[in-house]
Amino acid sequence: MSGRPLTCEEVIERLFDYLDRELDGQQAAAIEWHLARCQDCFTRAEFEKRLRARVEATGTAAAPPRLRRRIRDLLDRFDDEQDATP
Amino acid sequence: MILAHPTTCAPRPRSVVPPRVAPGVAMTEHQPAERRQWFEQRLEPLMDRLYGTALRLTRDPDDAEDIVAEAVGKAWARLDELRDPQRFEGWLFHILTNAFISEWRRRQSRPQRPMDDESTSPDELDIGRFTLFQQLHQPFLLWWGNLEEQFFHQLLQEDLQRALDALPDAFRVAIVLVEVQGYTYEEVSRLLGIPLGTVRSRLSRARGLLQKMLWQQAREAGVISGPRASAHQGKEDQQP
């Protein structure tokens, strides 16, 4: 990347790479420099970050008691098999 | 520990934490009881995330339970392979992901439902360019209220889950691996055995499609209504 500041179009083009931590330090710093100075791009980035956090939160759901019992039984079975091994 | 009441933020027990194991010390050097305790103490705080991630990947509660049980069983059986105990969490989630991918590939070899592959109609080829932000961010409408705030306020987790579950398999898996599990594009490329460019393309289309579905849900739920809907209708018509 050259030392030239990024345009809004370039920042939006690379926004998801930035949010996905796919950029190197210098590229990420260039995006952050722009976001610190451009209200429109900052607002867009915050929106995508917020939506992304909500998507990430869908990856947590209360594990059913049945699954916990199943895992306990599974581990018990492994232990029993190990104990039975001469 | 596995039978403990399910909580999403269970505090880590202080008094029963086993002595730290230096990286490189195989778990075989522990007594069996200590080893089981060590495993369960680290597994318990991850259970809701393991199950939730499995649920997002599979879309089915029974399938999700199956792959979590399979992953935990494999992790327990292969615990000796974990050379750095500090990496337990990443190691376990990697086993879970591989368990899902194996099963997914096995099922993919069967005839597919139309939406299970990543093919899209010509109208959807540009779906990656759709942005919810453009629909909601209307400075000239601010006197009616902030639509972005209203959207997030009214967006239920169930709405988001429904939209994610409705994505074609290839898109859903890409977005879950990156946004829920935090894999890099390179890692997703290796895990799925697809080129890096395909990972990027699937992610872009997955995000566009997801945002379009959320936009449609928001409109149907009345988040956008009255004059706002009319004002947005024209804008939406210009979107792919």
Side-chain angles (χ1 to χ4, degrees), chain A residues 8-25 27-28 35 38-86, chain B residues 1-8 32-33 36 39-40 43-44 46-57 61 64-66 68-69 72-73 76-77 131-134 136-137 139 148 151-152 155 157 160-161 164 175-176 178-186 200 203-204 207 210-211 214:
Chain A
C8 292
E9 195 177 24
E10 289 169 330
V11 168
I12 297 307
E13 188 72 27
R14 297 173 194 180
L15 185 57
F16 283 107
D17 283 351
Y18 168 70
L19 296 177
D20 292 339
R21 299 194 176 121
E22 290 289 324
L23 301 180
D24 64 31
Q27 291 170 326
L35 293 180
C38 175
Q39 181 66 38
D40 285 348
C41 291
F42 175 81
T43 307
R44 169 73 191 277
E46 286 303 301
F47 178 88
E48 299 299 348
K49 269 190 208 173
R50 213 167 156 187
L51 185 56
R52 195 192 154 96
R54 296 290 289 271
V55 171
E56 187 182 349
T58 66
T60 299
R66 185 177 66 172
L67 175 60
R68 292 166 186 273
R69 279 195 301 275
R70 182 173 167 183
I71 287 174
R72 186 202 58 189
D73 293 346
L74 187 73
L75 298 182
D76 285 346
R77 243 188 354 260
F78 270 110
D79 286 350
D80 291 345
E81 283 169 15
Q82 200 168 33
D83 290 346
T85 307
Chain B
M1 287 296 294
I2 300 297
L3 287 175
H5 181 72
T7 54
T8 48
R36 169 88 178 248
F39 185 81
E40 289 186 334
L43 175 64
E44 172 54 30
L46 303 177
M47 280 299 293
D48 291 344
R49 276 184 51 223
L50 283 167
Y51 178 68
T53 301
L55 200 52
R56 293 283 72 76
L57 287 169
E65 287 189 30
D66 285 347
V68 171
V72 172
W76 177 240
T131 76
L132 190 52
F133 178 79
Q134 274 186 317
L136 295 171
H137 187 66
E148 294 148 63
F151 167 77
F152 280 115
L155 176 67
Q157 208 64 355
L160 196 45
Q161 287 167 6
L164 277 167
I175 211 166
V176 171
V178 171
E179 295 203 4
V180 176
Q181 295 193 258
Y183 281 111
T184 64
Y185 297 173
E186 185 73 43
R200 287 181 177 279
L203 267 176
S204 168
R207 284 170 170 146
L210 179 70
Q211 294 201 3
L214 292 174

- Residues forming a side-chain contact (heavy atoms from CB on, under 4.5 Å) with B:Arg49, sequence neighbours excluded: A:Thr60, B:Leu46, B:Glu89, B:Phe93
- Query: Can A:Arg68 and B:Asp48 be counted as an ion pair, charged N to O under 4.0 angstrom?
  - Reply: yes
- Candidate pair A:Thr58 and B:Glu179, rule side-chain contact (heavy atoms from CB on, under 4.5 Å), full reasoning: CA-CA 10 Å; A:Thr58 66; B:Glu179 295 203 4; over 6 Å; no
- Message: For residues 16-25 of chain A, give me every residue with a non-hydrogen atom less than 4.5 Å from any non-hydrogen atom of chain B.
- Response: A:Phe16, A:Asp17, A:Asp20, A:Glu22
- Does the side chain of B:Glu148 come within less than 4.5 Å of A:Thr43's, by heavy atoms? yes
- Under a 4.5 Å heavy-atom cutoff, which of B:Ile175, B:Leu57, B:Leu155, B:Thr184 has the most pairs with chain A? B:Leu155
- Query: Salt bridge or not for A:Asp76 and B:Arg36, using N-O below 4.0 Å?
  - Reply: yes
- Of the backbone (N, CA, C, O) and the side chain (C-beta and beyond), which part of A:Arg70 lies under 4.5 Å from a heavy atom of chain B, both, or neither? side chain
- Message: Between B:Arg207 and A:Glu48 (salt bridge meaning N to carboxylate O under 4.0 Å), is one present in this structure?
- Response: no
- List the steps and the verdict of side-chain contact (heavy atoms from CB on, under 4.5 Å) for A:Ile12 and B:Thr131. CA-CA 11 Å; A:Ile12 297 307; B:Thr131 76; over 6 Å; no
- Relative to chain A, which of B:Phe151, B:Trp76, B:Phe133, B:Tyr183 shows the most heavy atom pairs under 4.5 Å? B:Phe133
- Task: Might you work through the side-chain contact (heavy atoms from CB on, under 4.5 Å) test for A:Ile71 and B:Glu65, ending with a clear yes or no?
- Result: CA-CA 10 Å; A:Ile71 287 174; B:Glu65 287 189 30; over 6 Å; no
- Task: Using non-hydrogen atoms and a 4.5 Å limit, figure out which bit of B:Gln211 sits close to chain A: side chain, backbone, both or neither.
- Result: side chain
- Message: I'd like to verify something: which residue of A:Arg66, A:Arg44, A:Arg52, A:Arg77 has the highest number of heavy-atom pairs under 4.5 Å with chain B?
- Response: A:Arg44
